[in-house]
Novice: 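Before I ask anything, here is the structure I am working with.
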Amino acid sequence: MKKILILLSFIFLLTGCYDNIELDDLAIITGVGIDYKDDNFYLTYEILSDTKTEENTALLSYTVSGSGKSISEAFINTNYMVSKKAYFAHLKVVVISEQIINGHFNEITDYILRDTNIRSEFKVVVANGISPEEVLKNNSENHPVVSEVIVNLIDNEKYNNNLVIGETFKQIVAKLISDNYDVILNTVSIKDKQIAIDNSYILKKYNYQTTLSKQDSALFNMLTKNITAMEFDKKYDNKNVTISITSSDTSIDVNSNKIIINTNLEGKVIENNANFDLTKNDAYQKLNKDFGILIEKDIKNFVELLQANESDILGFQEIYYKKTRKENKELWKHADIEVKVNLKVNTKGFIFEVKNDK
């Protein structure tokens, strides 16, 4: 009997898995575009293509499209258009249309959450003024994989002017489920045949609520995380001075009738057309005071915009609930706003004073 068991063990060890799929048999989908028009869902897959030549192997991408009356039918029909098994484990980006965030985003999130084949760590962006299909087909020799371009824009933009929110689908769904946050989605557009990050859209309970300007998107990032390179401008006798924020640390409190925002900022002067003498301490004191007042006003206007649009992307309801263990979803909409900015503008590097001998 023992000999039979040993023999069976060897058979199983030497036999491959019956459902094992070779890499060459997989269509690796890196991007999905989802649109809705004429009562149908339209899908576009961006699929990696390992194109071999005599000289080298170039990683390229191509697209296939399909549609259906429901989102599940659209996925099934689009899978039929793929010559290999659709493989979503390396999905990086889902591009949705403006029609999706006007009544169909809940269907999309529900389907993706139920489909165990689709990973939930991808980014979600909205195609601004164009279709998701147009976005995913906008590859070129220099940018052969559009999904990679979008991910790189999201990863790199935060080091430039902080327009990017950068949350994953998993993080977005967590906010939607909590019911104490509204959601921000980045938008992408095509400018001069290049994909670019654009304004941000706020979603309330899966539907479009309002649009954030680039400045407001940057303010959101400044208030929620330590950012770099957000810029503020001020005129002195029509001559411009620009500072760049190099560090931010913000606390937000909500009580029965007030939203209190305290932020500590550090910055540096990057443009000084007003000819401030940056060797003098008095110059920095004035810049700290003037730009502090300017930033306080910008933050207050930003929060008032959120209140007017009932868009709680800063989680005021969540802050109040954690503090009091009480629900009051109307409180933050009418609360007074108190903003205090502690700004420290300093020099980075050396300042040289040049004297001309006559």
Side-chain angles (χ1 to χ4, degrees), residues 152-167 171 184-187 196-200 202 211-236 238-253 259-307 311-316 319 337-351:
N152 288 338
L153 281 172
I154 291 173
D155 289 343
N156 295 330
E157 190 77 12
K158 61 187 176 183
Y159 298 111
N160 297 324
N161 48 15
N162 292 280
L163 306 181
V164 169
I165 308 306
E167 293 181 326
Q171 293 170 319
I184 307 180
L185 295 180
N186 285 123
T187 71
I197 297 292
D198 220 320
N199 294 330
S200 302
I202 295 180
T211 300
L212 283 185
S213 67
K214 293 180 179 180
Q215 177 74 1
D216 287 335
S217 296
L219 280 171
F220 169 81
N221 281 329
M222 190 183 78
L223 294 173
T224 56
K225 56 191 175 185
N226 192 327
I227 68 163
T228 58
M230 182 178 180
E231 296 179 3
F232 292 92
D233 302 304
K234 184 173 176 59
K235 297 288 186 182
Y236 292 89
N238 293 321
K239 295 180 179 179
N240 195 61
V241 174
T242 303
I243 67 167
S244 176
I245 301 300
T246 58
S247 177
S248 63
D249 181 19
T250 301
S251 65
I252 301 176
D253 187 24
I259 295 170
I260 304 166
I261 299 174
N262 289 296
T263 184
N264 296 306
L265 305 175
E266 293 184 4
K268 62 181 179 180
V269 178
I270 60 174
E271 185 176 356
N272 182 24
N273 290 332
N275 294 321
F276 274 89
D277 186 352
L278 298 182
T279 64
K280 305 293 185 183
N281 189 53
D282 290 349
Y284 290 102
Q285 290 180 351
K286 181 169 179 57
L287 291 173
N288 290 336
K289 179 181 178 181
D290 291 351
F291 276 91
I293 293 171
L294 183 151
I295 295 170
E296 285 178 2
K297 183 178 179 181
D298 283 353
I299 293 173
K300 187 173 182 179
N301 289 340
F302 173 58
V303 176
E304 288 175 347
L305 172 69
L306 299 181
Q307 288 179 317
S311 302
D312 191 5
I313 55 176
L314 289 170
F316 295 125
I319 293 169
I337 306 163
E338 179 181 303
V339 181
K340 183 178 180 181
V341 172
N342 178 28
L343 173 66
K344 182 180 179 182
V345 178
N346 50 46
T347 59
K348 300 291 182 182
F350 297 96
I351 298 173

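In this text the structure is predicted, and so the values were computed from the model without any measurement. Residues take their numbers from the sequence shown, with the count starting at 1.
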Novice: Closest heavy-atom contact between L212 and S217?
Specialist: CB-OG, 3.8 Å
Novice: How far apart are the closest heavy atoms of V341 and G292, and which atoms are they?
Specialist: CB-O, 3.9 Å
Novice: Shortest non-hydrogen contact from S200 to N186?
Specialist: OG-ND2, 3.6 Å
Novice: Taking the side chain as every heavy atom from C-beta outward, state whether D198 and K214 have any pair of such atoms under 4.5 Å apart.
Specialist: yes
Novice: Output every pair passing side chain to side chain donor-acceptor pair (under 3.5 Å) with a member in residues 293-305, not counting sequence neighbours, ordered by first then second residue.
Specialist: none
Novice: Taking atom types as modelled, is there a side-chain donor on N240 or T242 under 3.5 Å from an acceptor on the other?
Specialist: yes
Novice: Sequence neighbours left out, what passes salt bridge (Lys or Arg N to Asp or Glu O under 4.0 Å) with D233? Give chain and number order.
Specialist: none
Novice: Taking the side chain as every heavy atom from C-beta outward, state whether L343 and I245 have any atom pair closer than 4.5 Å.
Specialist: yes
Novice: Residues in ring pair (Phe, Tyr, Trp, His ring centres under 6.0 Å) with F302, at least two apart?
Specialist: none
Novice: Below 4.5 Å, heavy atoms only, C-beta onward: do N221 and M230 meet side chain to side chain?
Specialist: no
Novice: Do N346 and Y284 have side chains that approach each other closer than 4.5 Å (heavy atoms only, starting at C-beta)?
Specialist: no
Novice: If you take all heavy atoms of M222 and T250, which pair is closest and at what distance?
Specialist: O-OG1, 3.5 Å
Novice: Exactly one of L305, L306, D312 should register a side chain to side chain contact (heavy atoms under 4.5 Å, CB included) with I202. Which one does?
Specialist: L306
Novice: Flag the pair K344 / L265 as yes when at least one side-chain heavy-atom distance between them is below 4.5 Å, and no otherwise.
Specialist: no
Novice: Between K234 and L287, is any pair of side-chain heavy atoms under 4.5 Å apart?
Specialist: no
Novice: V241 versus D290: any side-chain heavy-atom pair under 4.5 Å?
Specialist: no
Novice: For V345 and N288, work out which heavy atoms get closest and say how close.
Specialist: N-OD1, 2.7 Å
Novice: May I ask you to test the F276-K239 pair for a side-chain heavy-atom distance under 4.5 Å?
Specialist: no
